[in-house]
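The structure appears below as C-alpha cells.
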Amino acid sequence: MSVDKQYFTSRLNKVFSDNGLGRMLNREACEKFLALTEHMLTENEKYNLTAISDIDKIILNHYADCATLAARLKAGASVVDIGCGAGFPTLPLAILRPDISILAVDSTAKRVAYVEGAAKLLGLSGVRCVTMRAEDGARLPEYRERFDIATARAVAELRILTELCLPYVKLGGSFIAMKGKNAEFELSGARKSIATLGGRGARIETVNLKSDTEELSHPLIIIDKKEKTPSSYPRPYAQISKKPL
Ligand code: SAM
C-alpha cells in the first residue's frame with residue numbers, strides 16, 4: 001500500500017517535534033518509518049498486525065510512543081522486547097537507535113516472521129528475532145541476565161510480566177514495562193514478585209504525547225535489577241498465570 005510521502009513526512013516531523021522528540025528523527029529514519037508504514041498496512045490483512053490504520057494514529061500511538069522509550073536508552077544498549085507482536089517497540093527502536101541491539105521475542109511464529117521480514121526490508125541490522133515463549137527463553141544461558149533492558153508493551157499483567165522479563169535483565173539493567181491505565185494498582189500488587197525476582201526501586205513515569213487531533217497518556221513502570229533472579233524462575237506459564245508471585 002502506498003502512503004503519500006509528503007503528508008506522512010510532515011505529520012511525522014510535526015508530532016515528533018511537538019513532543020520534544022524532533023532531535024531523534026533524521027532523513028533516513030523518516031524514510032524508514034514511511035517504508036514500515038507501507039509495509040505494515042500491506043501485510044496487515046495477512047498477519048492481522050494492527051487495529052490502527054489511520055496514519056496520524058500510527059504516528060502517535062506506535063512511533064512517537066516507542067520513541068519515548070528510544071530516547072531513554074544508553075548508547076549501545078542491548079534490549080529484549082518480550083511479546084513483540086507486530087514489532088512494537090522493536091522496529092521503531094531500531095529505526096531511531098541504530099546503535100543498539102534488540103532481540104525481538106514472540107511465541108507466535110507468524111508475527112516473528114513478519115518482524116524479521118520488516119527488519120530485513122528496512123535494513124535494521126541490530127534486530128534479531130526468535131520464536132519462543134518468554135519463560136522458556138529466560139532459561140537459556142545465551143539470554144538469561146544478558147540484556148541492559150527488557151521491555152514489553154501490552155503483553156500481560158505486571159506480576160506475570162515481571163516473571164517473564166526480569167530474568168533477562170543483567171545486574172545494573174532495568175525492565176521497562178509500557179503499561180495502560182492500571183499501573184498503580186498493578187505495581188502495588190507486584191511488589192513481592194519484583195523483590196523475589198531481584199528487582200528494586202520500582203517506579204512509575206508517565207508518557208504524555210499529543211498530536212493536533214489526539215492525546216496519548218500512559219505509564220511506564222521501571223524496575224531496576226539489583227540481584228540475580230533465583231534459578232527456580234521463571235516457572236512454567238501455567239504456574240505463573242495460575243499463581244502469580
Ligand atoms: N508488543 C506488541 C505491541 O505493543 O503492539 C504486541 C502486543 S500483543 C497484544 C501481545 C503479544 O505477546 C502477542 O504477539 C503474543 O503472542 C505475545 N506473548 C504473550 N505471552 C507471551 C509469552 N509468554 N512469550 C512470548 N510471547 C508472548
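Both ligands and their constituent atoms are indexed starting at 1 by order of listing. We count residues from 1, following the sequence as given. All values reported here derive from a predicted model rather than from experimental measurement.
- A distance-only check finds a donor-acceptor pair linking the side chain of R203 to the backbone of G201 [under 3.5 Å].
- In this structure K46 satisfies the side chain to side chain donor-acceptor pair (under 3.5 Å) test together with E43, sequence neighbours excluded.
- Between R159 and E163 there is no salt bridge, since no side-chain N of the basic residue sits under 4.0 Å from a carboxylate O of the acidic one.
- A salt bridge does not link K210 to D18: none of the charged nitrogens lies less than 4.0 Å from a carboxylate oxygen.
- For ligand 1, the protein residues placed under 4.0 Å by at least one non-hydrogen atom are G83, C84, G85, F88, D106, S107, T108, R111, M132, R133, A134, E135, R153, A154, V155, L164.
- The salt bridge (Lys or Arg N to Asp or Glu O under 4.0 Å) pairs that include a residue from residues 76-95 number zero, where partners must be two or more places apart or lie in different chains.
- Hydrophobic side-chain contacts under 4.5 Å tie V130 into a cluster, directly or through other members, with V80, I82, L103, V105, M132, L140, Y143, F147, Y168.
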